[in-house]
Each structure stands twice: as C-alpha cells, then as structure tokens.
Amino acid sequence: MSPDSVFFRGRQAVLLTKHGKEKVIKPLFEQATGCRVIVDQNFDTDLFGTFTREKSRPGTQLETARLKARKGLELHGVELALASEGSFGPHPVAPFVPLNIEIVLLLDVREGLEICGEYAGSETNYAQQLVSGWEETERFAKIAGFPSHFLVIRPDHESHEAVVKNLNAWESLREAFEKCLAVSACGKVFLETDMRAHANPTRMKNIKKAAEDLVRLITQQCPACGTPGFAVVETRRGLPCECCGLPTREVAASVFRCQFCNFSREERASPDKIAPAGCCNNCNP
Ligand SMILES: [Zn+2]
Ligand SMILES: [Zn+2]
C-alpha cells in the first residue's frame, strides 16, 4: 500500500464537467489515489465563464478552479473535489505565439489540502480571424485542424449575438458561413477556434498533461509528515554565468514546502551547473 492511500484511498472525489474532461482526469486520478471519481455532467460549468465571451470568468484561473471545486463539494456532500480550468492568450515573451495554461486542482477540505497540477505550452490551435470569403474560411479551418477541432462563427465581430457553435462538419460550416455573411453589417464573418475540451483534442491532451502533473505532485510527500503535495513554492534566481560568474536570472534553487507541517527544503542546482552567457545581464545586457 503506498503512503498516499492514507489520505485518499476509498474516498470519493467529485468532478463537475459537461465537456468530457473526465476522459483524461478520472482514470489517472483513480489509479494514483485509490479514490472513486464522481462525474457530474449536469451542472452548467459555463456559469464560471465561457471562452466565447458570453460569460466572463469570476476570478483568476486558480480562483475559478477553486469555485468550481467548492460547487462540486456543495452539490455532492463530499470532502474531495477536482476542477479543471484553462486559459489562452499571447505568450508573455513572444506575443505572436499563443500560450495555453491548464490547471487541474484537487481540493481536500477534510485534510485542508490544495494541490494544483499545471501545464503551460504553445501546442494549441487557438486563433481568431475576421474573413470575408469562403476560401479564407476554408484556410482558417484547415490550419485549426477542423473538423476534428470544432469552430465557432458569427457575423461582424467577436461579440455578435448570432453565434453558431458545435460546427464539426464542412457542410454545416459552409451553411453557417453563408448565414452569418447574409446578416453581416460589414460583409465580414468572425471565425474562431472552439476551446471547449470536447471540441478541441489538442486542448484535451494539455488537460491530460496537467492531470499527470497533479498525480506527480500527489505522490511527492513531505519527508517530515508524509502529507502529499510536497511541491515547489518558490524559486531563487542567481545561477552563475558561464562567462563572468556573476548571478543571472536563471533558477539556482527551488524551495519545497509542506502545506500541513510547514517543513521546507531547498534544492540547489548542482555546483557545476552554470547559466549561458545569453541570460547574463553583464555579458549580454
Ligand atoms: Zn556573464
Ligand atoms: Zn509535512
């Protein structure tokens, strides 16, 4: 019996999702913890925000995941909940590259634990475009991985009310395009990728990676008390430059801390690890 079973084995964890996220979260989590995951597909998770802007998110990505988890606890009367939340936007250091951040959160109100798996990466079809013709629409759709990846379409601009969703066949896309163009005021149609998990296999893969990260964190236990989720809470920069030896912005040490007993441990980069001169403010200002 693995030590983490003390915390999770035999318990029930609720997951609210109407977009099929249980496919990638449930098997991984159940196998790693010995829990049973209750999937609730009836609760309308769109109330916590939609990618197509009808409903804005009530807080940050993490705050929203916590709200979803708490809602699940409330509806099912259990003490353990899972919640997944994704975000898309321009990459902070390369604005033309999209960035998808996925988190899968585990909330344990019995033990007072919160463990958050994360994945951040640029593997996404996330895109929007204003088009005026079918050829452009077809090009956008092909790049987006349509029809296995769904599209969303509407007349004129990103918040027009006459939105058509669930498009996953060329015929219905053509039909929706003609319909939107016919009612458009400016002769244009706004296209975007559908980022809902069941409509976007690329995103589903990234959610799975976040779930794998969660499971990895669960198996990392506090060396002092055995509580799962012994994770990095802080990184310290200052790895020496390969050229001049001065401290750089590169990570020199990671600090792990236990949520239960507060035990912490610093893991330093090995003494022979050095930073490339390209990261050095002295050599490459
Ligand atoms: Zn240097
Ligand atoms: Zn501890």
Side-chain angles (χ1 to χ4, degrees), residues 1-15 25 28-37 60-63 65-66 69-70 72-73 78-84 91-94 103-119 210-285:
M1 199 156 93
S2 68
D4 55 87
S5 61
V6 178
F7 285 84
F8 303 122
R9 180 151 300 167
R11 297 174 66 187
Q12 294 192 323
V14 64
L15 171 67
I25 298 174
L28 270 172
F29 185 76
E30 286 186 337
Q31 215 230 330
T33 59
C35 271
R36 195 172 73 80
V37 175
T60 64
Q61 189 171 1
L62 180 60
E63 285 161 1
R66 282 184 187 131
R70 295 214 167 266
L73 296 177
V78 291
E79 295 172 311
L80 209 52
L82 288 157
S84 142
H91 197 289
V93 291
I103 60 173
V104 177
L105 180 78
L106 173 70
L107 199 63
D108 182 347
V109 289
R110 188 182 86 187
E111 305 294 336
L113 275 182
E114 181 185 280
I115 305 175
C116 190
E118 187 184 306
Y119 169 78
E212 285 164 350
D213 188 48
L214 172 68
V215 160
R216 182 183 64 80
L217 292 173
I218 286 171
T219 57
Q220 280 178 200
Q221 291 157 6
C222 170
C225 75
T227 299
F230 190 63
V232 176
V233 290
E234 196 190 326
T235 53
R236 295 189 180 143
R237 300 181 188 278
L239 198 66
C241 166
E242 61 181 353
C243 246
C244 68
L246 287 174
T248 66
R249 303 263 312 141
E250 294 292 286
V251 172
S254 305
V255 181
F256 290 72
R257 186 171 295 121
C258 173
Q259 293 177 43
F260 181 72
C261 75
N262 237 11
F263 173 84
S264 74
R265 189 171 69 195
E266 190 182 83
E267 250 175 45
R268 295 178 160 275
S270 73
D272 54 337
K273 200 182 169 199
I274 43 176
C279 310
C280 176
N281 280 339
N282 184 42
C283 300
N284 187 29

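As the structure is a computational prediction, the values presented were derived from the model and not from experiment. All values below come from the heavy atoms of this structure, side chains included, with hydrogens, waters and symmetry mates left out. Counting convention: from 1, in listed order, for ligands and their atoms alike. By convention here, the first residue in the shown sequence is residue 1.
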Exercise. Would Cys243 count as a contact for the Zn ion (ligand 1), in the sense that one of its N, O or S atoms lies under 2.8 Å from it?
Worked result: no
Exercise. Can you check whether Gly117's main-chain N or O pairs, donor with acceptor, with Asp213's side chain at less than 3.5 Å?
Worked result: no
Exercise. Ignoring hydrogens and geometry, is there a side-chain-to-backbone donor-acceptor pair from Glu30 to Val37 under 3.5 Å?
Worked result: yes
Exercise. What closest approach, in Å, do Pro240 and Thr248 show between heavy atoms, and which atom pair accounts for it?
Worked result: C-CG2, 4.3 Å
Problem set entry | Salt-bridge criterion met for Glu250 and Lys273 (N-O under 4.0 Å) | no
Exercise. Which angle, to the nearest 10 degrees, do you find at the Zn ion (ligand 1) between SG in Cys283 and SG in Cys244?
Worked result: 110°
Seminar exercise, completed: With a cut-off of 2.8 Å, strictly less than, protein N/O/S atoms near the Zn ion (ligand 2) add up to 4
For this session: Write out all pairs satisfying ring-ring contact (aromatic ring centres under 6.0 Å, His included) with one or both partners inside residues 264-285, taking only residues at least two apart or from two chains.
Result: none
For this session: Mind listing the closest non-hydrogen atom pair of Thr235 and Ser254 along with its distance?
Result: CG2-OG, 4.1 Å
For this session: Please calculate the SG(Cys241)-the Zn ion (ligand 1)-SG(Cys280) angle and round it to 10 degrees.
Result: 110°
Exercise. Has Arg216 got more than 12 heavy atoms of other residues, nucleotides or ligands less than 6.0 Å from its CZ?
Worked result: yes
